Each structure stands twice: as structure tokens, then as C-alpha cells.
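Accompanying notes for the structure given below.
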Amino acid sequence: METIAEFKEKLNSAVTFIRSRTEFKPTIGIILGTGLGSLVDGIELVDTVPYDQIPHFPVSTVESHAGRLLFGNLRGKPVVCMQGRFHYYEGYSFKQIAFPVRVMKALGMETLIVSNAAGGMNPNFRPGDIMLIKDHINFFPGNPLIGPNDNAWGDRFPDMYETYTFALQDIARQVALEQKLPMQTGVYLGLTGPCLETAAEYRFFRTIGADAVGMSTVPEVLVAHHQRNRVLGFSIVTDMGLADNMHPCSLEDVIGTASRTEPKLRDLIAGCVERM
Ligand code: HPA
């Protein structure tokens, strides 16, 4: 098992390398999900660091993810943006998936904004809806916080009362209202993939209280919460998973809907960042 000292060594070399490439101090971290790469359009770029140059950084294997850290200002706020994230189905460990979240914190991040593409299970949802994540269900077979704990970073047994920061949810609702953007709210269930869900699984996940399902976000949010970041999360509902009304679902559909919905989410996130 990796010791805390070994993990800190890795973290340190990643942070030291990034610091050799940019002095930019971000306070907000943004993780862009599938089909959401161009959310960065509104960012006044200052520096870019490709993942494959950063020591110990995982390298993204999914084609729809670009794989670089972007540093810049969004509505006047210093942000670091992960263009491309890591998924458990790619073969990474939970610690690897969440490693960039530790790195962003070390660079100055106080608030993490996560986005993803998800399958909708709430029958009131439609493809193209944006869902504010109010809570999650960790359906992954693990947790990045398993292993030795550094109490200086966070609690051994983190309380999950306010995983998705209430004040940030309030801001999101206000901004959506001002932008006349209909916004759903719900519970995100994260699981391994890469298979989409069977009808029986959709029925089960709906029954246990999930509104949307996807293959990401939960590991990163667990680490962000552990290290006492504020967290704001959004899903784009790219397709519907209704047990009694199943249709074939292609990756093209998922990416197409995510891309079409992206401008709305971009404006919503920018509006939230402006008020942080
Ligand atoms: N499951 C079903 N539909 C989806 C998913 C998923 O994990 N992600 C995006 N659409």
C-alpha cells in the first residue's frame, strides 16, 4: 500500500512541475465532462499545461477528452480547468482519478465545479436538461479515501452532510432564474461503466432515489469534500434511462446532446463563477 509520504512525494513533484510552468494562482477548479470541452471558450487563457507532461498525472484515454490543465480568468475569477478527466472504466484507481483534485487544491483551489454527461432516470427530465446535483450515491466499488489518512488534509470519517455546498446551489438557482434557464435538481448516482444500464438496473437506481446516472464525478467530489473544498456540480441529461420505455442509446447521441447543451451550461457556470 502507498504510504502518505509516497503520495505526498508524487503530489509534490506534480505541483512543483506545474509551478515551474505557471505562477497563476487559481481559487476555482472546474472539471469538464464528456462533450463539454469547449466550455473553456469564456476563459481568458493565461497558461496551458498538457497532462502528459505533469509527473504522476494520469493520461486521458477517451477521445472526447482533450487532456490539459487550463489556467486563466473567467468573469474576473482565477480558475484552473481540467479539460478531460479520468474514469474508473479506463483502468485507473480511485486515487489516480482524484489525484488532480489534490493537485488543484495545492495550487490554491478553494471551490470545485464538476460537470458530467448523465443518463436521466427521473421521468420529469428530458435530454438536454441541466441538473443541479444536490447529492450523490457512490455506487462505485471503492472510494479514493481508502488507505492511510492525513488528518491535516481531512477527517478519517468525513461527514457528508453538505457535500454539495448549499450556498453554491442557491447561487446556481439564482443564476438559472436570471438566465431564464429551466434547471432540474437531483441526485447523481456514479458507477463504473463502461456498460450503460439494463432496464432492471435503471429501475433499481430510480427506486433507491437517483435522478441521473453516470460514470464519473463521485471520486473527485469525495476528495474535494475531504479536503474541505466547496463543491458545485451539474449534469447534462444526455439520454433517458426509463425502465419501461427503453431505447437504444449511442455514444454519438450522448456527445451530440452534451455538445448542444453545452452553451447553456457554459453560461450558467460563468454566471455562478462571477458571484463566487
Ligand atoms: N448511463 C446512461 N446514460 C448515460 C450515462 C450513463 O452512465 N452517461 C451519459 N449518459
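Remember, it's a predicted structure, so these values are computed and weren't measured experimentally. In each ligand, atom 1 is the first atom listed, and ligand 1 is the first ligand listed.
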Under-4.0 Å heavy-atom contact with ligand 1, by part of [X] that carries it:
X: C249; result: neither
X: Y89; result: neither
X: D239; result: side chain

Heavy-atom nearest pair, L168 first then M276, reads CD2-CE, 3.9 Å
Closest non-hydrogen atom pair between P141 and T192, with its separation |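 Shortest heavy-atom separation between P141 and T192 comes out as CD-CG2, 3.3 Å.
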Of all the atoms in ligand 1, which lie at a distance below 4.0 Å from a heavy atom belonging to [X]?
X: L196; value: 1 (N), 2 (C), 6 (C)
X: Y202; value: 2 (C), 3 (N)
X: T238; value: 9 (C), 10 (N)

Discussion item. Q179 vs D267, test: side chain to side chain donor-acceptor pair (under 3.5 Å). Steps then yes/no.
Written reply: CA-CA 8 Å; Q179 296 183 352; D267 292 348; 5.8 Å; no
Would you mind checking which non-hydrogen protein atom is closest to [atom], with the distance to 0.1 Å?
atom: atom 8 (N) of ligand 1; result: A117 O, 3.5 Å
atom: atom 1 (N) of ligand 1; result: E197 OE1, 2.7 Å
atom: atom 7 (O) of ligand 1; result: G214 CA, 3.3 Å
atom: atom 6 (C) of ligand 1; result: V213 O, 3.4 Å

Within the structure, is a non-hydrogen atom of A118 found at a distance of less than 4.0 Å from ligand 1?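 Yes; A118 lies near enough to ligand 1 that a heavy-atom distance drops under 4.0 Å.
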- Step through it carefully: locate the ring centre of Y164, locate the ring centre of H225, and say whether they are under 6.0 Å apart.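 No, ring centres 6.0 Å or more apart.
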**OP:** Could you tell me whether F205 and F139 have their ring centroids closer than 6.0 angstrom?
**Re:** yes
For the pair F86 and Y51, name the ring-plane relationship: parallel under 30°, tilted 30 to 60°, perpendicular over 60°.
-> tilted
- Message: Would you say that more than 12 heavy atoms from the other residues, nucleotides or ligands in this model lie under 6.0 Å from the CD of E178, or not?
- Response: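 Atom CD in E178 is crowded, with more than 12 foreign heavy atoms closer than 6.0 Å.
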Kindly indicate whether the side chain of L112, heavy atoms from C-beta on, has any atom under 4.5 Å from the side chain of V223. no
